[in-house]
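Right, one structure below, let's go through it.
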Amino acid sequence: MSRCWLFKSEPDVYSIGHLERDGRTHWEGVRNYQARNFLRDEVKPGDRVLYYHSNADPPGVAGLAEVVRAGYPDPAARDPESEYYDPKASDEDPRWYRVDLAFRETFPALVPLDALRAAPGLEKMLVINRSRLSVQPVTDEECEIVLRLGRAGA
DNA sequence: GCCAACGTTGGC
DNA sequence: GCCAACGTTGGC
């Protein structure tokens, strides 16, 4: 049974366009424990990922990706050259995890946060009231509504 | 660029 | 284990 998630990325750093170009990517650099727990324990291959552009104008869901590898230790945490380096990470305790994503689609038009707020059925979406969590679970119903909005290009 | 929300750190 | 200080996120 696959699930649906919302992952946030700043498009200036790595947008849906970058993912489309690359085909797939390592979702590294998550340094928040709640988001880490999702990546480590619950995000599975075949799960859908709504790709959200944060710190953007406007912010919103830009497309769809799919998980192709479940959580495994994030090598960036062990790399002193990386901006995501964490001296407390070790072989015994990797602390941080990443998953791999594959590109699926870019919506004909971004679904702005305003539209999510206004859409019936999305009142409880975490992105609306817990906006800081960078990896969030999305219910199947919410996922379908967002995909419908995105594919409609409204 | 501002600032509110909120997660993390560290002194006690 | 509390909580104040601090840093970061992210919408506007």
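First the proteins, then the strands, lettered A, B, ... as listed; each starts at 1.
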message: Check for me, please, whether Val135(A) and Tyr72(A) land in the same ILVMFWY cluster - side-chain distances under 4.5 Å, paths through other members count.
response: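 No; tracing contacts between hydrophobic side chains, which count when under 4.5 Å, never links both residues.
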
Rounding to an integer number of Å, can you tell me how far [X] [atom1] sits from [N] [atom2]?
X: Asn32(A); N: dG10(C); atom1: CG; atom2: C1'; value: 14 Å
X: Asn129(A); N: dA5(B); atom1: CG; atom2: C1'; value: 12 Å
X: Arg95(A); N: dG7(B); atom1: CZ; atom2: C1'; value: 13 Å
X: Leu116(A); N: dG11(C); atom1: CG; atom2: P; value: 11 Å
X: Asn55(A); N: dT8(C); atom1: CG; atom2: P; value: 14 Å
X: Gln34(A); N: dA5(B); atom1: CD; atom2: C1'; value: 14 Å
X: Asp57(A); N: dG1(B); atom1: CG; atom2: P; value: 15 Å
X: Arg31(A); N: dG7(C); atom1: CZ; atom2: C1'; value: 17 Å

message: Nearest 0.5 Å, please: how far is OG in Ser15(A) from CG in Leu110(A)?
response: 11.0 Å

field: Parallel, tilted or perpendicular: ring planes of Tyr51(A) versus Tyr14(A), cut at 30 and 60 degrees
entry: tilted

message: Keeping Asn32(A) on the side-chain end and Gln34(A) on the backbone end, is there a donor-acceptor pair under 3.5 Å?
response: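 Answer holds: yes.
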
- prompt: If only side-chain N and O atoms of Arg132(A) are considered, is one of them under 4.0 Å from the OP1 or OP2 phosphate oxygen of dG7(C)?
  reply: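 Negative; the distance criterion is not met.
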
query: Taking OP1 and OP2 of dG11(C), is either one under 4.0 Å from a side-chain nitrogen or oxygen of Tyr52(A)?
result: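 For dG11(C), OP1 or OP2 has a side-chain N or O of Tyr52(A) closer than 4.0 Å.
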
